[in-house]
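Before any comments, here is the structure.
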Amino acid sequence: MAFGWIDEQAAARRRAGLVRSLRPRPADSPLLDLASNDYLGLARHPEVVAGAQEAARTWGGGATGSRLVTGTTELHTALEHELAEFCGFEAALVFSSGYAANLAAVTALAPHGSLIVSDAGNHASLIDGCRLARGTTQVVGHADPDAVRKALGTHDGPALAVSDTVFSVDGDAAPLAGLAEACREHGAGLVVDDAHGLGVLGAGGRGAPHAAGLAGADDVVVTVTLSKSLGSQGGAVLGPARVVEHLVNAARTFIFDTGLAPAAAGAALAALRLLGREPERAARAREVATGLHARLTAAGLEAVRPDAAVVSVRAPSPEEAVQWAADCRAAGLFVGCFRPPSVPDGISRLRLTARADLTEEQIERAVQVIGGTRP
């Protein structure tokens, strides 16, 4: 029977407690949200919503075509210019998603005969970029510049190191300065995904590469999402102008994909300008994350110290993690639940996201619910 193997895989997932399902949320959910990636609390900010509305009124509901045909508007160009300037890079290129941006950066910058050195904890989009690239990929230990250095030393030719700046599972930060040093010793490029760093780390939220002194470097390329701190949708690649020009001509997820919807571009641009005027939002997100960690550990829970705005709390098993998250929802708290195969080390977790707009009362309530529903 066609697709009969699907039933076997579904049964295996059920036995392992790994079944996933969609859970539509209402517009006015009563739950306290510690699951979304809206780190700065901008997704519903009036200025961000107004930016989306104005863009839709001006440009319509969709981009109408690929970026190279009709999908580039003056709004996209303005977003790219201001995003590059804010983060300290020469140029930027906007994509329909952060996933597409990562696929573009890795595949277009790792031609046949090249070596890609990839961190074992990288996001799925970077992993898929490595799989699709024509170069050879070597996976190395997590957050280990010496391992990157050793791998690069085995290759004679174009090379690239690829890493998240803040890893999405535990919220720990990559040693960017060490990675850059290892790459420069071997003439390799460095591609980093700052999805969880933009808006949270660096001066005024300019990102982890900016904080590490790598912004604007001619051997560093950064990818970002517009769907987390900026509360919108889409992604971008930042870097030297010649790299961006190369992506325009070689990146398949740019050339053959419909451009980002104008409403999303307008919302992202409004959020970026708002962050420029209110840089304290970045520091507040970090403060909330630190406070959550301190209170969770004081309550006897095993929480990972956050380097940005993600706080990870270990669970005994996948089944207990799912039940824990469900019990939190029943008590009015929405938290993320990460379990295999989403976690590379096989350890299931609750994943909490700190938001700059959370009050001290909400933080305390979240800790009480998590502690009170622990397995």
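For the ring pair (Phe, Tyr, Trp, His ring centres under 6.0 Å) condition, the pairs that include at least one residue of residues 130-165, sequence neighbours left out, are H142-F167.
Note on V224 and L247: separate hydrophobic clusters, where clusters join Ile, Leu, Val, Met, Phe, Trp and Tyr whose side-chain heavy atoms are under 4.5 Å apart, directly or indirectly. Under a hydrophobic-cluster definition in which Ile, Leu, Val, Met, Phe, Trp and Tyr are linked whenever side-chain heavy atoms come within less than 4.5 Å, directly or via other members, L42 and V94 are assigned to the same cluster. Cluster annotation: L269 is not connected to V49 through the hydrophobic network of ILVMFWY side chains, with a link wherever side-chain heavy atoms come within less than 4.5 Å. Note on V369: it clusters hydrophobically with V311, by side-chain heavy-atom contacts below 4.5 Å among ILVMFWY residues. L333 and L358 fall within the same hydrophobic cluster, where Ile, Leu, Val, Met, Phe, Trp and Tyr residues are linked whenever their side-chain heavy atoms come under 4.5 Å apart, directly or through other members.
Ion pairing between R277 and E47 holds under the 4.0 Å rule for side-chain N and carboxylate O. Salt-bridge check for D38 with K228: failed, with every basic side-chain N at 4.0 Å or more from each acidic carboxylate O. Using a cutoff of 4.0 Å between basic side-chain nitrogens and carboxylate oxygens, E80 and R67 are scored as salt-bridged.
Between the side chains of T290 and H293, no donor-acceptor pair is found at a separation under 3.5 Å. A donor and an acceptor atom, one from each side chain of S125 and N102, are located under 3.5 Å apart. H196 and Y39 share a donor-acceptor pair across their side chains, judged by distance under 3.5 Å alone.
The main-chain N or O of L34 is found under 3.5 Å from a side-chain atom of T353 such that the two form a donor-acceptor pair. Side chain of N122 to main chain of I127: no donor-acceptor pair is present (N/O by atom type, distance under 3.5 Å, no hydrogens or angles). Side-chain atoms of R184 do not come within 3.5 Å of backbone N or O of G189 as any donor-acceptor pair.
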Next on the checklist: Under the criterion side chain to side chain contact (heavy atoms under 4.5 Å, CB included), I'd like the reasoning laid out for R286 against V200: C-alpha separation, chi angles, the key distance, then a yes or no.
Outcome noted: CA-CA 7 Å; R286 298 194 302 270; V200 178; 3.7 Å; yes
Checklist entry - side chain to side chain contact (heavy atoms under 4.5 Å, CB included) between W324 and R374: does it pass, once the steps are laid out? => result CA-CA 6 Å; W324 197 357; R374 76 177 77 184; 3.8 Å; yes
Checklist entry - Which is it for V221 and V244 under the side chain to side chain contact (heavy atoms under 4.5 Å, CB included) test, yes or no, and what are the steps along the way? => result CA-CA 9 Å; V221 173; V244 168; over 6 Å; no
Next on the checklist: For L83 and L272: C-alpha separation, side-chain torsions, deciding distance, then whether side chain to side chain contact (heavy atoms under 4.5 Å, CB included) applies.
Outcome noted: CA-CA 7 Å; L83 188 60; L272 185 65; 4.2 Å; yes
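Environment of CD in E360: crowded, with over 12 heavy atoms of neighbouring residues, nucleotides or ligands closer than 6.0 Å. Around the CG atom of D156, the shell of radius 6.0 Å holds no more than 12 heavy atoms that belong to other residues, nucleotides or ligands. Within 6.0 Å of the CD atom in E245, the count of heavy atoms belonging to other residues, nucleotides or ligands does not exceed 12.
Annotation: cation-pi geometry satisfied between R206 and F86 (NZ/CZ under 6.0 angstrom from ring centroid, within 45° of ring axis).
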Do any side-chain atoms of residues 131-140 form donor-acceptor pairs under 3.5 angstrom with protein atoms, and if so which ones, sequence neighbours left out?
{"residue": "R131", "atom": "NH1", "partner": "D128", "partner atom": "OD1", "Å": "3.3"}

